[in-house]
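One structure is given here, and the rest of the page talks about it.
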Amino acid sequence: MLRYICLTALLCISLTSQGQQGDLFLTHHSLSIEGMDNLNFDITSNSKGQLCIANRSGILFYDGDQWDYVSTPSSALSVTFDKDDNLYVGCVGDFGKIDHLDNQYQFISLNPNENDHGLYNKTLYKDSSIYFMSENNIIRYHTVQKRANLLYLDDKNDYFTNMFEVYDEILVQTSDTLYQFKNDSLSSYNWNPPSDAKFLFFDKHPTEDKYVAGTTDNRTFIYRKPNFYECKISEFLEEHESFVNDGKWVNDRYFALSTLEDGCILYDNKKSEIKEIINQSKGLPDNQIYTIGADQEEGLWISHAYGLSRMEISIPFRSFSNFQGLHGNISEVYFHNRTLYAATSEGVYFLDKEDVYKNTVYYEEKKSKQTAKTNKVKKEEPDQKQEKKGWWIFGRNKEEEKDEKYTNPQHIRKADKKQYVKRIHKEFLHSKFLFKPVEGIHSKIEKFIIYKGKLLAAGTNGVYEIKDGSGELVIHEPVRLIEKERKTNRLIIVTYFNEIKLYELDDEIWVIADEINLHGNLILNTLNDVSGRTWFITAGALYEFNMLSSNTQDFNVYVFNNPFVDKAKLAYIDKQLYLINNQGYFYLNTTLKKIVEDTTLLKQIGPPLKHLQQRNEIVWVYNGENWYQIHADKRLEMQENFRLFPNMNYVSEYGGRLWLLNESTEILQYEPALADTLIANSKMFFRRVTNNNGDVKIQNNMSFTHEENSLHFEMSRPDYRGLLKAEYQYRLKGLNNEWSNWRENNRIDFNLQPGSYALKVKSRDSFGNVQESEEINFVIHPPYWQTLWFYGLQILLMVMLLVGSIILNRRAKSKNVLLTEALTIITIVMVIEFLQSAAGNYLSIQSSPVVDFGLDVAIALCVFPLEQFLKKYLKAEKEGKGLEGMGIIDILTLPFKKKKKEAVST
């Protein structure tokens with residue numbers, strides 16, 4: 001009995017210690033494609049880290065920023081990538097490949113059977129072959145030979161249920177037997193599987209040579225050839241009657257099991273214990289899981305009826321927002337007496353433990369008096385007594401369960417003359433944590449403060465004292481700011497009416513001790529420093545009080561420009577009072593007695609777009625890219641992990657851990673000991689290439705016509721955390737050999753002239769990591785009228801016309817005059833146009849139409865003398881002095897005639 005009590009106590013302590021650790025970090029993703037639903041069947045990722053999802057309506061691609069969709073002829077049930085990242089899909093009654101055709105990426109069927117009605121719910125890639133499995137057949141498609149082989153089961157009553165790759169072997173599970181698929185046939189597999197095992201899944205460990213395996217009877221194993229080792233989680237699954245449908249390794253330590261009604265179970269294989277049960281109470285929208293998959297950043301993707309959720313283990317944040325009971329926008333969290341309190345727009349809540357029980361109805365036979373006496377004697381026996389107590393604490397033994405089935409309601413017949421008594425057994429299930437409201441507080445609370453060990457909560461209705469789960473209104477003022485004065489131990493309260501009131505506790509009653517008048521100035525912040533001085537900051541000035549009293553005017557005023565009425569943070573940094581708002585960093589120069597800007601901090605950090613302050617006065621600044629901590633000694637510390645939360649609006653430290661609020665809706669705990677660099681393992685890739693006609697197949701040595709010279713390259717770098725904020729630069733050889741400037745736009749647009757080009761792209765993330773793509777070569781062919789063969793054809797035609805025109809001009813006197821004149825004009829026009837076109841292409845300048853017109857005029861003026869020469873000498877006669885009267889042939893042959901004449905005279 002003592003052992004039982006100790007075990008129960010340890011169980012409760014374990015639940016208490018683990019319950020307040022918070023939940024694993026979850027993010028939720030909804031499809032942004034119109035008309036798509038959330039019924040997904042398979043999730044995988046390619047070598048670049050891009051997610052691929054088999055959906056009821058087709059194939060979805062996701063990189064953390066944009067969704068892409070490719071339709072399929074029927075519901076896509078399974079997907080797999082080959083070594084070159086080509087995607088193969090199994091559908092309802094069809095299977096195929098996603099490839100480029102007709103200027104777009106689309107599903108291309110590989111199934112020759114048009115009357116196929118099978119459900120191809122498993123697709124595998126191995127050794128240049130793709131295996132598609134339906135309940136009726138298995139098809140092996142060879143990707144190189146482009147040939148398919150079909151396999152049927154001999155027994156028509158048998159059917160295929162699953163297919164796995166285990167230790168480089170293809171294993172096939174049928175309704176009765178597990179086979180090895182080899183040489184396009186089924187054979188028995190030589191191993192020692194667990195008894196009566198029908199396998200649901202095998203998934204290989206990321207780094208080790210072992211597998212996690214699950215069976216239809218909810219047993220889970222680690223398979224390390226040749227032995228199976230059953231995991232302790234099998235006991236949990238049997239006890240809770242969970243129906244497991246899939247299992248995946250998330251990283252080298254944890255694997256996850258998806259269930260049909262209990263969410264996902266994350267199991268620590270190293271410690272042999274359940275790490276987390278991810279269900280609705282942990283922030284998951286639904287407990288029925290369709291499918292799961294893992295990405296390259298150790299993220300687990302969970303598909304459910306409301307979309308996709310991503311859980312990450314290694315991220316050093318835990319969520320406390322999934323506990324039930326919390327309402328309103330959160331303004332602050334605080335630990336007091338080891339209890340977590342949350343101030344919200346609807347009151348104050350505290351995190352508490354609650355036990356969950358299950359009421360079981362059973363029936364006992366009504367005993368007669370004589371039977372009751374007999375039972376009474378039996379109860380006094382020690383063994384019976386011990387069994388009875390054991391039954392109540394840890395459940396019934398088998399004999400009692402056997403007896404009880406005859407006293408269940410469905411076994412009680414109306415004709416039975418025995419009488420029964422209804423009993424209810426209250427069975428402890430587990431403990432859970434939930435937020436409970438602090439009774440008596442129903443207004444907006446913004447600040448917690450400790451005064452003489454009392455927990456006070458201040459808000460728009462006043463100040464409440466919280467004790468034993470209830471709140472008592474002790475100061476009825478609309479509080480905007482509250483601070484404790486060190487010198488006199490009074491409360492400084494600034495109201496929404498810009499009144500400064502000093503309260504003190506007199507015999508458990510709060511009374512007004514004094515009031516300070518700042519003539520209606522809007523008070524934005526206050527600070528009572530360690531020396532006892534009190535500072536108030538308004539929209540136009542900083543007030544310094546050595547002693548707060550309405551009877552003295554001992555205060556100083558320093559002009560401070562705050563045009564946007566920003567609540568400036570007041571903190572001592574490097575022993576100087578700093579004022580930080582969204583305009584910059586300012587400090588009080590005690591020598592000059594004025595407020596001066598600190599340009600050094602501005603250069604080091606950048607403008608403080610957002611600024612927060614811990615209770616120990618450490619200031620947090622967000623410059624649009626990173627969060628920085630400014631410590632009291634002016635030491636700067638960049639917090640890379642907090643890039644996840646650019647909209648963080650509260651941060652503080654309790655118990656060595658940082659607590660933050662994200663957009664007033666989520667309470668998160670950060671543990672520096674678990675900090676991860678969060679550097680992504682995904683790779684940059686060309687997400688999409690398009691031209692004037694549509695999508696282009698992405699490959700090296702692409703070729704385009706002159707009409708496809710408008711090219712658009714779209715880059716991607718998968719980022720499911722939203723941390724990378726990738727920038728891109730590019731270099732296009734053939735246009736400009738210089739690298740472009742870094743830019744956030746991932747789309748590169750070109751409008752190019754014919755020629756050969758080589759494009760290379762770099763990406764840089766917010767951690768400074770640079771990735772460089774392989775060089776992609778492509779060529780834009782010129783139009784046919786700018787090709788050499790066309791120029792040669794033109795020259796040949798012009799020579800023929802020129803010769804024909806000369807011959808006709810020499811021979812035609814009165815005959816064919818009209819034809820001769822027309823041919824002469826055509827010849828002259830073609831020669832001039834050819835020369836003008838060639839000169840225009842050679843001197844082409846992309847500018848305005850006016851400049852192009854001027855260029856054409858200049859070219860025409862240059863060829864004008866040639867035109868006159870052709871007109872004059874193409875039609876010349878044989879008489880005349882000098883060159884006059886000579887034709888083109890005579891002019892061209894003139895040097896030869898001179899040499900001949902000289903030879904004859906000699």
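Values below: all heavy atoms of this structure, side chains included; hydrogens, waters and symmetry mates excluded. Just so you know, residue 1 is the first one in the sequence shown, and it goes up from there.
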Any donor-acceptor pair under 3.5 Å from [X] side chain to [Y] backbone:
X: Ser682; Y: Lys48; result: no
X: Asn337; Y: Thr339; result: no
X: Asp574; Y: Lys634; result: no
X: Lys569; Y: Lys567; result: yes
X: Gln613; Y: Leu570; result: yes
X: Glu312; Y: Glu298; result: no
X: Ser773; Y: Val761; result: yes

If you compare all heavy atoms of [X] against all heavy atoms of [Y], which two are closest, and at what distance to 0.1 Å?
X: Ala571; Y: Val619; answer: CB-CG2, 3.8 Å
X: Glu666; Y: Ile330; answer: N-CD1, 4.3 Å
X: Thr495; Y: Glu477; answer: CG2-OE1, 3.9 Å
X: Ser470; Y: Val438; answer: C-CG1, 3.4 Å
X: Ser550; Y: Ile516; answer: N-CD1, 3.7 Å
X: Ala568; Y: Ile537; answer: CB-CD1, 3.6 Å

| said: Would you say that more than 12 heavy atoms from the other residues, nucleotides or ligands in this model lie under 6.0 Å from the NZ of Lys452, or not? | reply: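 Counting other residues, nucleotides and ligands, NZ of Lys452 exceeds 12 neighbours.
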Taking the basic N atoms (NZ, or NE/NH1/NH2) and the acidic carboxylate oxygens, is any pair closer than 4.0 Å for [X] and [Y]?
X: Glu544; Y: Arg533; answer: yes
X: Glu625; Y: Lys725; answer: no
X: Glu332; Y: Arg615; answer: yes
X: Glu508; Y: Lys454; answer: yes

| said: I need the single residue from Glu485, Glu504, Glu483, Glu515 that forms a salt bridge (charged side-chain N to carboxylate O under 4.0 Å, His left out) with Arg490. Which is it? | reply: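 Exactly one pass, corresponding to Glu485.
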| task | Report the C-alpha separation of Phe317 and Phe642 in whole Å, then their side-chain angles, then the decisive distance to 0.1 Å, and conclude whether the ring pair (Phe, Tyr, Trp, His ring centres under 6.0 Å) test is met. | result | CA-CA 10 Å; Phe317 294 95; Phe642 282 76; 5.4 Å; yes
| said: With side-chain hydrogen bond (donor to acceptor under 3.5 Å, both in side chains) as the criterion, how do Asp252 and Thr207 come out once you've worked through the C-alpha distance, each side chain's angles and the decisive distance to 0.1 Å? | reply: CA-CA 7 Å; Asp252 57 0; Thr207 57; 4.7 Å; no
Rounded to the nearest 0.5 Å, how far apart are [atom1] of [X] and [atom2] of [Y]?
X: Leu518; Y: Ile500; atom1: CG; atom2: CD1; result: 4.0 Å
X: Asp352; Y: Phe435; atom1: CG; atom2: CZ; result: 10.5 Å
X: Tyr62; Y: His29; atom1: OH; atom2: NE2; result: 5.0 Å
X: Glu653; Y: Ile618; atom1: CD; atom2: CD1; result: 7.0 Å
X: Leu524; Y: Asn498; atom1: CG; atom2: CG; result: 8.5 Å
X: Asp719; Y: Leu724; atom1: CG; atom2: CG; result: 3.5 Å

Under the side chain to side chain contact (heavy atoms under 4.5 Å, CB included) test against [X], which residue among [options] passes?
X: Ile595; options: Leu588, Asn561, Val559, Leu577; answer: Leu588
X: Tyr543; options: Ile523, Thr534, Thr538; answer: Thr538
X: Tyr650; options: Asn662, Ile667, Leu661; answer: Leu661

| task | If the plane angle is over 60° it's perpendicular, under 30° parallel, otherwise tilted; pick one for Trp301 and Tyr720. | result |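 If you compare the ring of Trp301 with that of Tyr720, the planes turn out perpendicular.
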Minimum side-chain heavy-atom gap [X]-[Y] below 4.5 Å:
X: Glu465; Y: Tyr451; value: no
X: Lys484; Y: Asn489; value: yes
X: Ile445; Y: Tyr464; value: yes
X: Arg643; Y: Ser766; value: yes
X: Phe350; Y: Val348; value: no
X: Arg717; Y: Asn746; value: no
X: Tyr730; Y: Arg743; value: yes
X: Lys762; Y: Trp742; value: yes

| request: Please step through side chain to side chain contact (heavy atoms under 4.5 Å, CB included) for the pair Ile580 and Ile573, ending with a clear verdict. | output: CA-CA 11 Å; Ile580 300 175; Ile573 302 173; 4.3 Å; yes
| request: Go through the structure and list residues passing salt bridge (charged side-chain N to carboxylate O under 4.0 Å, His left out) with Arg764, not counting sequence neighbours. | output: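 With neighbours one apart ignored, the set is Glu727.
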For this output row, return yes or no: ring centroids of [X] and [Y] closer than 6.0 angstrom.
X: Phe448; Y: Phe335; value: no
X: Phe320; Y: Phe433; value: no
X: Tyr334; Y: Tyr341; value: no

| message | Run the side-chain hydrogen bond (donor to acceptor under 3.5 Å, both in side chains) test on Ser345 and Asn329 for me, step by step, so that the C-alpha distance in whole Å, both residues' side-chain angles and the decisive distance to 0.1 Å come before the verdict. | response | CA-CA 5 Å; Ser345 57; Asn329 294 322; 4.5 Å; no
| Between Ile630 and Ile605, does a side chain to side chain contact (heavy atoms under 4.5 Å, CB included) hold up when you go through it step by step? | CA-CA 10 Å; Ile630 307 176; Ile605 302 177; 3.8 Å; yes
| said: Show, in sequence, the C-alpha distance, side-chain angles and deciding distance for Lys610 and Asn647, and conclude whether the side-chain hydrogen bond (donor to acceptor under 3.5 Å, both in side chains) test is met. | reply: CA-CA 9 Å; Lys610 292 184 180 180; Asn647 298 317; 2.8 Å; yes
| request: Scan Tyr628, Trp627, Phe645 and name whichever one has a ring-ring contact (aromatic ring centres under 6.0 Å, His included) with Tyr622. | output: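 Single ring-ring contact (aromatic ring centres under 6.0 Å, His included) partner of Tyr622 among Tyr628, Trp627, Phe645: Trp627.
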| Worked check of side chain to side chain contact (heavy atoms under 4.5 Å, CB included) between Phe323 and Leu340 | CA-CA 12 Å; Phe323 296 118; Leu340 176 64; over 6 Å; no
| task | Go through the steps for Gln576 and Asp598 under the test side chain to side chain contact (heavy atoms under 4.5 Å, CB included), then give the verdict. | result | CA-CA 11 Å; Gln576 290 178 306; Asp598 188 339; over 6 Å; no
